[in-house]
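Read the structure below first, then the notes.
Numbered from 1 within each chain, the chains take letters A, B, ... in sequence-line order.
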Amino acid sequence: MSEQISRYEPHHIEEKWQNIWEGKKVFTVTEDSAKEKYYLLEMFPYPSGKIHMGHVRNYSIGDIIARFQRMRGFNVLHPMGWDSFGMPAENAAIQHGTHPAKWTRENISYMKAQLKKMGLSYDWTREAATCSPDYYKWNQWLFLKMYEKGLAYKKKSYVNWCPKCETVLANEQVIDGICWRCDTSVEKRDLEQWFLKITNYAEELLDDLDKLKGWPERVGTMQRNWIGKSIGAEIDFPVDNSQDKIKVFTTRPDTLYGATFMSIAPEHPMVEKLVANNQQRAVREFLEKIKKQDRRSQAEAFIEKEGVWTGSYCINPLTNKKIPIYIANFVLMEYGTGAVMAVPTHDQRDFEFAKKYNLSMEIVIQPKDKKLDARTMTEAYVDDGILVNSEKFNGMDNKDAVAAIVKHLEEKGIAKKSISYKLKDWGISRQRYWGCPIPLIYCDSCGTVPVPYEKLPVILPEDVEFTGEGGSPLAKSSEFIKTRCHWCGSNSAKRETDTMDTFIDSSWYFLRYTSPLENSLPFNKDKARYWMPVDQYIGGIEHAVLHLLYSRFFTKVIRDIGLVTIDEPFTNLLTQGMVIKDGAKMSKSKGNVVDPDDLIKKYGADTARLFSLFAAPPEKDLEWSDESVDGSYRFLNRVWRLVEECRVQGFKGSRVQGGKDEETNLKYPLWQEMNKTIKKVTDDIERFHFNTAIAALMEYLNFLYKYEDKGSPLFKDAVETLIVLLSPFAPHISEELWQMMGNKEMLANREWPSYDEKALIKEEATLVVQINGKVRNRINIPAGSSQKEAEEIASNDEKIKEWLKDKKIKKVIYVQDKILNVVVG
RNA sequence: GCCCGAGUGGCGGAACUGGUAGACGCACAGGACUUAAAAUCCUGAGGUCGCAAGGCCGUGCCGGUUCGAGUCCGGCCUCGGGCACCA
């Protein structure tokens, strides 16, 4: 009896088990047609230096599911890698003189060690880093395939340009019109850039959202809004005294009779032609002014609608009236045709514009319940109604008029049905060094020439200079630029020096994981067929549109290239909430950051995992709490102590669940409690209610603590069940306790327990007796009692008798084993 | 402005299809152990009135449906997020 109860020392056991798992390759998987696959993926991190609490949460959630599904017999693919191209590496080079490659490599190795310390069940043999030539070679390969299919093209467009850094900036890198890095005012520049034709897939990307039943509704909504499909028509407006015509896009052809002027975008290609001599100066001044306005802050501040008359007119094709053509600051060249037929009575923007410039207004839609008057209206009427002032269409319901008017115009050959999208082609050129080179060369005689497939990858040169000024280091590396034309052999060809947007890297990495060593294609087709699609994808909501939309696009392109057969990459999506402290997202600037290193150092990985799952449901924000971490740690200590006490005292024996003594087992509340807990934890993990699964384990532990006969035959089973159920949440302590109980087999390889349905059947039920819907008493009744029996028992109850005294019973509602509601008058 | 999401004890959160509101945890209080503290173990607890038994009130607000509403419907309020001149 001298044996002491050992203490729970997380660090000791965590490192031990991490080494065992790794040494025995427990989580290394291969394709196995005999087993059902399960592909679980968490969004891979950018190697910024250290993992943060958001990562801890994301990867803890993923690991629960991976370990759980593994124990349930699935062949689980659970890989990890690095989204390792990007600006921070380059900034580190500029600020500290560290080469981006070195900085990134070091960060990866540090963060990988951190992830290993968390005990995550990754198959590290599949690790991929997007900055490695083995990986980005296939970015280039895919780009060339798209180029061949006409899906990659170059065009001039307006981009954010920082004159000091001499580079294009992404929208999110422009803060209030100012460069985030050097505080210089950002300009718009018309630059030649490479684009991917994501708009070719707009319709499919939109339609297939309906197939994604396992995605949160709001992500679908956000993508739907982003794609922004509008059905309408394109209508030609002849220019007065000219052969030209202006094409407009409208969703409201029914209001065409009310189009009393035309607005075109400042960048509209016809502007120059349309400006009359006497308006030259006014237009020039206006365009100068517009140029200075930043489009983004313009949107935020609701800048006043402004415009200038071109001096020209066009003809409304239905009224045949001359209507003035204006250049307006709110018309976007990027959307529709860059020209808008203005109906001030039925469009709020046109209304405001018309009021400002005193333009004529004509009502063409009258609502049924009131009478509009153009002279007195204070805002545009945009709802449905009956057509007026529209010649032969008068009296028609405006919804019917849409089709009727388009048909009429189509017959005249001046309109056609049209669909417009907000979604724009994806501009992927970056004047940045730390990214994947675009594999093209420019030859004086041959033009744009793709680098041949066999010459891939175009390697990013390492010996370049980082000054932070004068644009991309790549554009100054003559060694990189100078190349030979693969067609004509000319030695004066030049390489493209732009690199690809890093979102390209992450648009197909989930495919690379299926065969990370494949060297003849981006990935092995057979292996991808086995593993894809990803069954469960987990990551932050911030990628609702960008990454998730791009990945869907890439998957469809890759399908059309013939490498996969699936249409969608991610069957189920879980978007986890942020980690919050003191009411705000953790950030260095707010000084409210909790370092996972400190957390693990103090409590161990099991506590860190448990806390991040227990404190909130996964899709909600998680408020950090030191005390709550203590609580999780305390729980693990309690588990440890229970097992240790029992072990030191010696378990009396074991009875295997479902054995020949099943009938006897059923009599024990312990047996019932154990089975109830198995069911609860299993169901809760399945629906991602990890917090309540842990709560059930805590309740079960409390029950075991209070259980008097700890030496009883069933108790060992009951304790072992606790350990097994705990293992996906806190794998290290579970393995250790499992071993301490004398088990040889590794817990990670054990099957998830099933429960005995019979144990869940109760003999007694608590009947809630209500009088007029108010709870008046709770009575134990035999389970499965009929209404008659229940009424009989309730009517004999003293309290209920008292409540029913002198009352007339009007009605009785009975829900078996739950409620008896007596309605009295 | 438009589109989502959320409002439940002192706090994080439970309550699967309308059926015992507040599981579990934290913090708190009382007790046990200890010379003492920490740790641990046990107990208590939504508010309010009451010595008690027990009553009444209670899931952001107002109203409705229902025998019965945190849950469904209508109208607001507050907070969080996304989009933002998209013709």
Can you confirm whether the side chains of [X] and [Y] place a donor and an acceptor under 3.5 Å from each other?
X: A:S230; Y: A:Y335; value: yes
X: A:Y603; Y: A:D630; value: yes
X: A:E362; Y: A:T260; value: no

Using a cut-off of strictly less than 4.0 Å, decide whether [X] has a side-chain nitrogen or oxygen near OP1 or OP2 of [N].
X: A:H346; N: B:rA87; result: no
X: A:N691; N: B:rG25; result: no
X: A:T692; N: B:rG13; result: no

### Message
If the condition is side-chain hydrogen bond (donor to acceptor under 3.5 Å, both in side chains), which residues does A:S786 pass it with, not counting sequence neighbours?
### Response
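Expected list: A:E789.
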### Query
What pairs with A:K424 under side-chain hydrogen bond (donor to acceptor under 3.5 Å, both in side chains), at least two apart in sequence or on another chain?
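Partners of A:K424 under the side-chain hydrogen bond (donor to acceptor under 3.5 Å, both in side chains) test: none.
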If you look at every strand shown and take non-hydrogen atoms under 4.0 Å, does [X] touch a base, only sugar-phosphate, or nothing?
X: A:F635; value: nothing
X: A:S625; value: nothing
X: A:K810; value: nothing

Going by the rule ring pair (Phe, Tyr, Trp, His ring centres under 6.0 Å), which residues pair with [X] if we only count those two or more places apart in sequence or in a different chain?
X: A:F635; answer: none
X: A:W640; answer: A:Y8
X: A:F611; answer: A:W624
X: A:F68; answer: A:W752

Return a table of donor-acceptor pairs under 3.5 angstrom between the side chains of residues 693-703 of chain A and protein atoms on other chains or two or more places apart.
{"residue": "A:Y700", "atom": "OH", "partner": "A:A718", "partner atom": "O", "Å": "2.8"}
{"residue": "A:N702", "atom": "OD1", "partner": "A:R638", "partner atom": "NH2", "Å": "2.6"}
{"residue": "A:N702", "atom": "ND2", "partner": "A:M698", "partner atom": "O", "Å": "3.4"}

Restricting both atoms to N or O, compile the protein contacts to nucleotides 50-55 of chain B shorter than 3.5 Å, with distance only.
none

### Distance in angstrom units between A:L622 CG and B:rA6 P, rounded
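It is 18 Å, rounded to the nearest whole Å.
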### Message
Strictly by ring-ring contact (aromatic ring centres under 6.0 Å, His included), give each pair with a member in residues 249-268 of chain A just once, sequence neighbours left out.
### Response
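Residue pairs with at least one partner in residues 249-268 of chain A: A:F261-A:F353.
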### Message
Taking the P atom in each of B:rC16 and B:rG55, what is the distance between them to the nearest angstrom?
### Response
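The answer is 26 Å between these two P atoms.
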### Message
Output one letter per nucleotide in nucleotides 78-83 of chain B: B when a protein non-hydrogen atom lies under 4.0 Å from the base, S when only the sugar-phosphate is that close, - when neither is.
### Response
----SS
Quick test: give all pairs of protein nitrogen or oxygen and nucleotides 62-68 of chain B nitrogen or oxygen below 3.5 Å, distance rounded to 0.1 Å.
{"residue": "B:rC67", "atom": "OP1", "partner": "A:K811", "partner atom": "NZ", "Å": "3.2"}
{"residue": "B:rC67", "atom": "O2'", "partner": "A:N821", "partner atom": "ND2", "Å": "3.2"}
{"residue": "B:rC67", "atom": "O2", "partner": "A:N821", "partner atom": "ND2", "Å": "2.4"}

Produce the list of close N/O pairs, under 3.5 Å, pairing protein atoms with atoms of nucleotides 39-44 of chain B; give distances to one decimal.
{"residue": "B:rU40", "atom": "O3'", "partner": "A:R641", "partner atom": "NH1", "Å": "2.9"}
{"residue": "B:rC41", "atom": "OP1", "partner": "A:R638", "partner atom": "NH1", "Å": "2.6"}
{"residue": "B:rC41", "atom": "OP1", "partner": "A:R641", "partner atom": "NH1", "Å": "3.3"}

